[in-house]
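Below is one structure, written out as structure tokens; comments come after it.
In what follows, every heavy atom counts, from backbone to side chain, and hydrogens, waters and symmetry copies are set aside. Just follow the structure's listing: the first ligand is 1, and inside any ligand the first atom is 1. The shown structure was predicted, so the numbers you read here are calculated from the model rather than taken from an experiment.
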Amino acid sequence: MKLGAIEAGGTKFVCAVSDDNINVEDREQFPTTTPEETMAQVFTYFEEHPVDAIGIGSFGPVSLNEDADNFGYITNTPKLAWKNYDFLGAMKAHFDIPFYFTTDVNVAAYGEYKAGAGRGKKNILYWTVGTGVGASYIQKGKFLQGYSHPEMGHILLRPDERDHGFEGVCPYHGNCFEGLAAGPAIEKRFGKKGYEIDPSDPFWEIEANYIAQACVNATLILRPDIIIFGGGVMKQTQLFPQIQAEFVKQLADYVDFPEITGYIKHVALGDDAGITGALMLAKKVVNEK
Ligand code: ADP
Ligand code: ZN
């Protein structure tokens with residue numbers, strides 16, 4: 001059996017093929033331009049590398065409401081060429097195989113759940129803090145989802161008084177979690193990229209405060225077994241002890257949680273999480289047939 005994966009990001013698409021043990025046999029990437037151009041490359045790729053099922057993780061927002069007419073569409077994206085694009089429908093029109101379609105964040109979370117930092121845990125919360133903030137909650141193997149997928153990156157937080165009234169950069173909410181803590185918010189404060197800021201800079205305490213608040217909220221709402229962080233900003237690994245200490249302080253012993261250094265953790269698969277998760281979801285869909 002051959003499995004396929006598509007990690008459709010806002011800047012690049014990655015396509016990959018594996019055997020049924022998720023050993024990646026081939027992988028290729030191309031820039032995200034227009035659906036006409038980029039999807040033509042996807043179709044060619046899987047014509048040249050036939051597979052039995054494909055797991056797709058797409059940038060979004062995407063429609064995941066199975067009862068809606070636009071299930072499998074990219075919906076209200078600022079990337080206008082992709083707005084209301086029927087991603088899943090286009091794949092189905094080209095290949096008569098089963099698909100698993102979900103968000104880019106969900107596939108990465110699934111990879112960490114099955115083969116990364118969340119391995120062996122039942123309920124995981126995964127956050128990515130990069131160009132934006134995304135989240136995925138997996139409860140006993142299933143993605144948490146209601147009317148559509150959660151958007152926990154945009155939860156509202158208390159401003160840190162050391163942050164000099166920073167207004168945030170989210171076009172919708174200003175100082176939501178993403179507006180305060182994602183890469184572009186850091187860049188807005190400093191006029192340079194996050195990786196150019198010294199790990200000992202006092203700013204990281206402020207960043208850790210926001211991330212800890214998000215962990216407190218998520219702990220109170222979801223009670224996960226582990227909270228896993230990935231994305232470019234989290235490459236600042238000095239943040240982890242800062243977040244852990246701040247989390248313990250803010251939660252103030254209200255509820256219990258697993259041992260803190262094993263509770264708030266960095267990803268284990270790094271950049272491979274998305275493709276790994278998409279391949280595993282392709283395998284799941286074949287096994288369920
Ligand atoms: P994306 O979210 O676009 O998929 P990333 O997760 O790599 O991609 O996030 C990119 C963002 O993370 C950019 O804003 C970048 O400046 C920031 N970033 C990347 N590396 C670091 C780092 N080592 N420290 C702080 N910020 C970083
Ligand atoms: Zn927002």
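At a threshold of 4.5 Å between non-hydrogen side-chain atoms, the residues Ile211 and Met234 count as touching. In this structure, the side chains of Ile22 and Leu3 come closer than 4.5 Å at one or more pairs of heavy atoms. Contact annotation: the side chain of Ile228 never approaches that of His266 to less than 4.5 Å [non-hydrogen atoms, C-beta and beyond].
Not a single protein heavy atom sits closer than 4.0 Å to atom 15 (C) of ligand 1. Shown here, atom 9 (O) of ligand 1 is in close reach of the protein: a heavy atom of it lies under 4.0 Å off.
In terms of distance to the Zn ion (ligand 2), the nearest N, O or S atom of His154 is named ND1. The atom name of the N/O/S atom in His173 closest to the Zn ion (ligand 2) is ND1.
Classified by interplanar angle (parallel below 30°, tilted 30° to 60°, perpendicular above 60°), the ring pair Phe101/Phe87 is perpendicular. Under the 30°/60° scheme for interplanar angles, the aromatic rings of His94 and Phe43 are found to lie parallel. Taking the six-membered ring where the residue is Trp, Tyr100 and Phe143 present tilted rings, their angle falling between 30° and 60°.
Annotation for ligand 1: atoms under 4.0 Å from non-hydrogen atoms of Lys193 are 16 (O). Listed by number with element, the atoms of ligand 1 under 4.0 angstrom from any heavy atom of Lys235 are 23 (N). Close contacts of ligand 1 with Gly231, meaning ligand atoms under 4.0 Å from a residue heavy atom, involve 6 (O). Less than 4.0 angstrom separates some heavy atom of Gly183 from each of these atoms of ligand 1: 14 (O).
From the protein, the heavy atom lying nearest to atom 24 (N) of ligand 1 is Gln236 NE2, 2.8 Å. Counting protein heavy atoms only, atom 18 (N) of ligand 1 is closest to Gly232 C, 3.7 Å. The protein atom (non-hydrogen) at minimum distance from atom 3 (O) of ligand 1 is Thr131 OG1, 2.6 Å.
Ser18 OG to Met1 CE: the interatomic distance, rounded to the nearest 0.5 Å, is 8.0 Å.
A cation-pi contact, defined as under 6.0 Å to the ring centre and within 45° of the axis, links Arg189 to Phe166.
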